[in-house]
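As a basis for the values below, the full set of heavy atoms in this structure was taken, side chains included, without hydrogen atoms, waters or symmetry mates. Source: prediction; values computed, not measured. Note that the numbering runs from 1 along the sequence shown for the chain.
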Amino acid sequence: MARTQKNKATMGHLGMLKVSSRNASSDSSIIASSGSSSGGSSQQAWQQTWVNLCMSMACAGSLFAVVMAKLAKLRRELLEPSKGGGGGGGDGFDVNKVGDARVGFVGFPSVGKSTLLTKLTGTFSEVAAYEFTTLTCVPGIVRYRGAKIQMLDLPGIIEGAKDGKGRGRQVISTARTCNLILIVLDCLKPLTHKKLIEHELEGFGIRLNKKPPNITFKKKDKGGINFTTSVQGPSRLDLDAVKAVCAEYKIHNADIHLAEDYDIDDLVDVIEGSRVYVPAIYVVNKIDQITLEELEVMNKLPHYCPVCAYHEWNLDGLVEMVWEYLDLVRVYTKPKGKLPDFNEPVVLHRQNASIEGFCNKIHKSMLKQLKYAHVWGSSVKHRPQKVGKDHVLHDEDIVQIVKKV
């Protein structure tokens with residue numbers, strides 16, 4: 001990459017940060033020793049170095065914010081496919097999204113993703129004793145508690161996948177469309193693979209097991225940067241850091257409010273606006289190769305699910321965990337004068353589990369014809385209860401739609 005003026009400025013800021021991170025006491029001892037052993041010119045040079053150090057420490061916070069914003073922009077430019085002719089972009093595999101939710105298997109080659117898909121869904125995915133057996137996306141369907149869950153066996157990724165190595169961009173682009181990611185790990189080296197995969201996914205704008213930052217960001221025409229926070233006491237973000245980040249994105253007028261304490265990375269994510277927040281389960285496969293003590297330790301870790309796909313150990317526990325992380329809501333329909341249909345529920349995502357979302361899931365025109373709805377279940381006090389389109393439904397509620405005449 002050619003060293004433009006922007007890159008030179010970034011390198012300069014990084015250099016100043018490195019200087020500011022030195023220990024002040026060690027620097028003062030070096031100055032004292034050099035002053036006693038060298039001449040006056042040497043002592044003046046060290047004094048000037050000390051002044052530069054103090055100045056750089058004073059502006060280290062804003063410089064750090066600028067550097068983080070610059071690095072985020074450079075990462076985004078590297079990840080975006082080139083607009084010129086030729087070369088592969090970041091498009092995912094051509095797999096239609098079917099069912100009520102989509103789950104993607106992500107992992108290094110030969111960790112058991114294909115075996116896991118075959119055991120869970122009954123869909124054949126080629127398995128062999130060599131790496132990169134799966135060269136394309138293989139879909140399968142799991143039916144659980146009345147919901148259809150699509151599972152995708154993605155090709156194995158390698159280090160540098162986010163930069164396009166080994167069809168990595170296609171794999172990660174498809175993973176961005178999933179409601180849940182199963183990171184399949186080898187039990188003999190789970191932590192090594194976990195860190196590498198997290199690094200690749202984070203670099204492509206996927207945030208695992210995180211909620212979107214509760215940061216209000218609104219551009220305006222004038223008035224400068226107005227920064228407010230609800231955090232009591234010291235915060236990781238101050239006005240100078242916020243202004244430095246906004247200036248890097250050429251934003252000079254905006255209202256920014258922090259409901260909680262966040263860092264610069266969270267602010268950059270909100271300004272970028274292209275991040276996806278996906279729950280993830282770390283599926284540790286081949287547990288028949290470790291001891292019972294190691295398995296007990298692994299079972300206590302958050303978001304972990306130990307399995308053995310070959311022997312079909314704990315696959316029921318994995319499916320139950322998938323259901324819990326997907327956080328789906330089943331709603332049963334009740335035609336007027338008939339019993340509810342408990343065989344084919346309407347499955348909604350928790351964030352869209354309202355009467356409006358229920359109508360849109362059945363047909364887009366139904367909401368225009370809606371007069372009100374009768375609801376039976378835990379979301380209402382009376383059975384039935386007359387509700388409007390904004391009523392939030394709970395799992396296994398029964399709904400009867402009343403249309404306009």
Side-chain angles (χ1 to χ4, degrees), residues 95-105 116-125 137-153 177-182 278-281 283 303 305 307 309 312 314-367 369-370 372-385 387 389-403:
V95 179
N96 292 329
K97 191 170 185 178
V98 298
D100 302 306
R102 171 179 276 193
V103 178
F105 294 176
L116 195 60
L117 180 79
T118 302
K119 298 291 186 180
L120 289 174
T121 67
T123 302
F124 175 75
S125 184
C137 179
V138 181
I141 294 290
V142 171
R143 292 182 176 271
Y144 187 71
R145 296 190 180 183
K148 291 190 295 184
I149 303 172
Q150 183 185 40
M151 294 194 170
L152 304 180
D153 177 19
T177 67
C178 295
N179 304 110
L180 174 67
I181 295 177
L182 299 185
V278 185
I281 299 175
V283 183
H303 312 299
C305 183
V307 301
E312 301 185 15
N314 199 32
L315 295 188
D316 292 340
L318 174 61
V319 175
E320 179 65 30
M321 198 169 180
V322 166
W323 175 264
E324 177 186 344
Y325 274 62
L326 286 174
D327 200 17
L328 299 177
V329 174
R330 296 162 296 172
V331 180
Y332 302 108
T333 58
K334 183 185 182 304
K336 187 175 181 180
K338 297 182 180 180
L339 294 175
D341 182 9
F342 293 106
N343 296 322
E344 293 291 335
V346 177
V347 182
L348 306 172
H349 294 275
R350 181 75 65 179
Q351 61 270 22
N352 196 34
S354 63
I355 295 294
E356 181 178 358
F358 173 80
C359 293
N360 290 331
K361 185 68 179 288
I362 296 175
H363 198 277
K364 293 181 180 179
S365 64
M366 182 172 286
L367 186 62
Q369 304 173 9
L370 174 69
Y372 57 87
H374 285 139
V375 177
W376 293 259
S378 60
S379 66
V380 293
K381 294 181 179 179
H382 310 288
R383 293 168 178 79
Q385 182 169 321
V387 299
K389 68 174 184 177
D390 296 327
H391 177 75
V392 178
L393 299 168
H394 290 179
D395 189 30
E396 296 190 297
D397 275 359
I398 300 172
V399 175
Q400 181 184 86
I401 298 296
V402 179
K403 296 182 180 179

Would you compute the distance between atom OG1 of T123 and atom CE of M151 and round it to the nearest 0.5 angstrom? 10.5 Å

Got a second to check how far F105's CZ is from L182's CG, nearest 0.5 Å? 5.0 Å

In Å, rounded to the nearest 0.5 Å, how long is the span from CZ of R102 to CD1 of I181? 11.5 Å

Donor-acceptor pair, distance only, cut-off 3.5 Å: does the side chain of Q150 make one with the backbone of N96? yes

K338: side-chain contact (heavy atoms from CB on, under 4.5 Å) partners, not counting sequence neighbours: P335

Short side-chain to backbone donor-acceptor contact, D100 and I149, under 3.5 Å: no

Heavy atoms of A353 and L348 approach each other most closely as CA-CD1, 3.9 Å

Which residue pairs satisfy the salt bridge (charged side-chain N to carboxylate O under 4.0 Å, His left out) criterion with at least one member in residues 344-359, sequence neighbours excluded? D327-R350

Partner residues of H394 under the side-chain hydrogen bond (donor to acceptor under 3.5 Å, both in side chains) criterion, sequence neighbours left out: S378

Kindly write out the residues that satisfy side-chain contact (heavy atoms from CB on, under 4.5 Å) with E324, not counting sequence neighbours, or none if the list is empty. none

Straight-line distance of L318 CG to L120 CG, nearest 0.5 Å: 6.0 Å

Can you name the side-chain hydrogen bond (donor to acceptor under 3.5 Å, both in side chains) partners of D395, sequence neighbours left out? R330

Do the side chain of H374 and the main chain of V387 share a donor and acceptor less than 3.5 angstrom apart? no

Can you check whether C178 reaches V103 side chain to side chain, under 4.5 Å on heavy atoms? no

Look at the side chain of H349 and the backbone N and O of Q351, then say whether any donor-acceptor pair between them is shorter than 3.5 Å. no

Distance-only criterion, 3.5 Å: show the donor-acceptor pairs between side-chain atoms of residues 138-146 and protein atoms not counting sequence neighbours.
| from | atom 1 | to | atom 2 | distance (Å) |
| --- | --- | --- | --- | --- |
| Y144 | OH | E320 | OE1 | 2.3 |
| R145 | NH2 | E320 | OE1 | 3.0 |
| R145 | NH2 | E320 | OE2 | 3.2 |

Test of understanding: with side-chain hydrogen bond (donor to acceptor under 3.5 Å, both in side chains), list the residues that count as partners of H382, not counting sequence neighbours. none

Residues at least two apart in sequence or cross-chain that pass side-chain hydrogen bond (donor to acceptor under 3.5 Å, both in side chains) with S379, listed by chain then number, are H391, D397

For K334, which residues count as a salt bridge (Lys or Arg N to Asp or Glu O under 4.0 Å) partner, sequence neighbours excluded? none

L367 backbone acceptor or donor facing K389 side chain under 3.5 Å: no

